Amino acid sequence: MTFVDQKFQLKLIEFIEVCKDGYAILDADDRLMGCNLAFCDIFYMDMALMQGIRFDDLMRQSYSRRKGIRIETNDIEQWLQEAHQKRRHNPFRLFEVDLLDGRWFLFSEQVLDSGEMLIQAKEITKQKVLEHQLNSKVATLSELALTDELTKVANRRSFVESVDTELARCQRQHKPSALLLLDLDFFKSVNDTYGHQAGDEILKATAVRFKKALREYDIVGRIGGEEFAVFLSETTPKTALQVAERIRSLLADYPMKAGSVELCMTTSIGVAFCQGQSSFEALYIEADSALYQAKRNGRNRVELYRMLDE
Ligand SMILES: Nc1nc2c(ncn2[C@@H]2O[C@H](COP(=O)(O)OP(=O)(O)OP(=O)(O)O)[C@@H](O)[C@H]2O)c(=O)[nH]1
């Protein structure tokens, strides 16, 4: 049997009538010549009401009755104008459509030289749900890969990556920046005295305190056990020292809860300042050396690297 065979044509029509995919044909004036039940079902319309309906009116009805395809606009006429800019410009077009009832369809529009258009709509809800689940899993995994699980600040790898990018931007724009390395003092004794869980509580509360003392776009990371780092872009040494001092006193002057006890923790802070060309590694070495100095000079204090040479 071939397409010209009448028996075959009748069989084809029989299949299309019961098919789960929607089929419709529009004439060259964009009026619906006919469709199957599955197509009516997409628009929640009776077959009788579909006959002869113009494409624009079908869309207007969907929009005003809030049934059928999801049309996100405040101005349906404007939406239709935009739709017409995409329609009928190519003989074939494929696009995804979501319905207000949560279903998704893959629509195709095939236009003949005569201007008549065949629309096919295949349900793809299952695939879209899987795609959505996969995307949110990927987002969660990337979040996990970038975040320190305990404190929820950036982990070492993502901190270094973000600082590299931000440092390069500051250098391109000839803006100063600073790196702070912060290490809790005598943290081992918290674990030894109150237990590891209390130590974890302190680390979490410390990260919260740091964020409180900083601007939203400052970068905070946990780069070792009880060692944190902060990158301050577009910041002069004077301001960097003020910020470091603010963090130091925010920790030292207010106790933090760790299980059933409240503890006052102190932190030593090393600050490295960058005005010209530098790398994260070079800044880190300088800040680490300033931090070492802060520990040696009695802890609970801030040291700026440049001052060491002066
Ligand atoms: N609770 C907890 N402890 C950690 C974690 N990571 C590292 N530590 C502990 O942090 C302590 C760090 O001890 P030290 O390096 O001796 O430093 P400190 O006691 O803070 O002494 P100073 O830095 O010299 O002031 C060790 O006991 C580690 O076991 C963590 O994720 N949770």
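All figures in this text were calculated on a predicted structure; none of them were measured in a lab. The analysis underlying the following values was restricted to heavy atoms, covering all of them including side chains, and did not include hydrogens, waters or symmetry mates. In each ligand, atom 1 is the first atom listed, and ligand 1 is the first ligand listed.
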Ring-ring centroid check F107 F95, cutoff 6.0 Å: yes
For atom 17 (O) of ligand 1, the protein heavy atom that lies nearest, with its residue and separation: E226 OE2, 3.4 Å
N191 and ligand 1 - part of the residue with a heavy-atom distance under 4.0 Å: side chain
For atom 26 (C) of ligand 1, the option (of E149, R299, K188, K204) bearing the nearest heavy atom: K188
E234 bridged to R169 by N-O distance under 4.0 Å: yes
Backbone or side-chain N or O of F187 under 3.5 Å from ligand 1 N or O: yes
Nearest protein heavy atom with distance in Å, relative to atom 32 (N) of ligand 1: D200 OD1, 2.6 Å
Y63 (side chain) donor-acceptor with T73 (main chain) under 3.5 angstrom: yes
Within reach of ligand 1, part of D183 (heavy-atom separation under 4.0 Å): side chain
Contact (N/O only, under 3.5 Å) between L203 and ligand 1: no
For E82, the option from H84, Q78, Q85 that meets side-chain hydrogen bond (donor to acceptor under 3.5 Å, both in side chains): Q78
Identity of the nearest option to atom 31 (O) of ligand 1, non-hydrogen atoms only, from Q197, R222, H196: R222
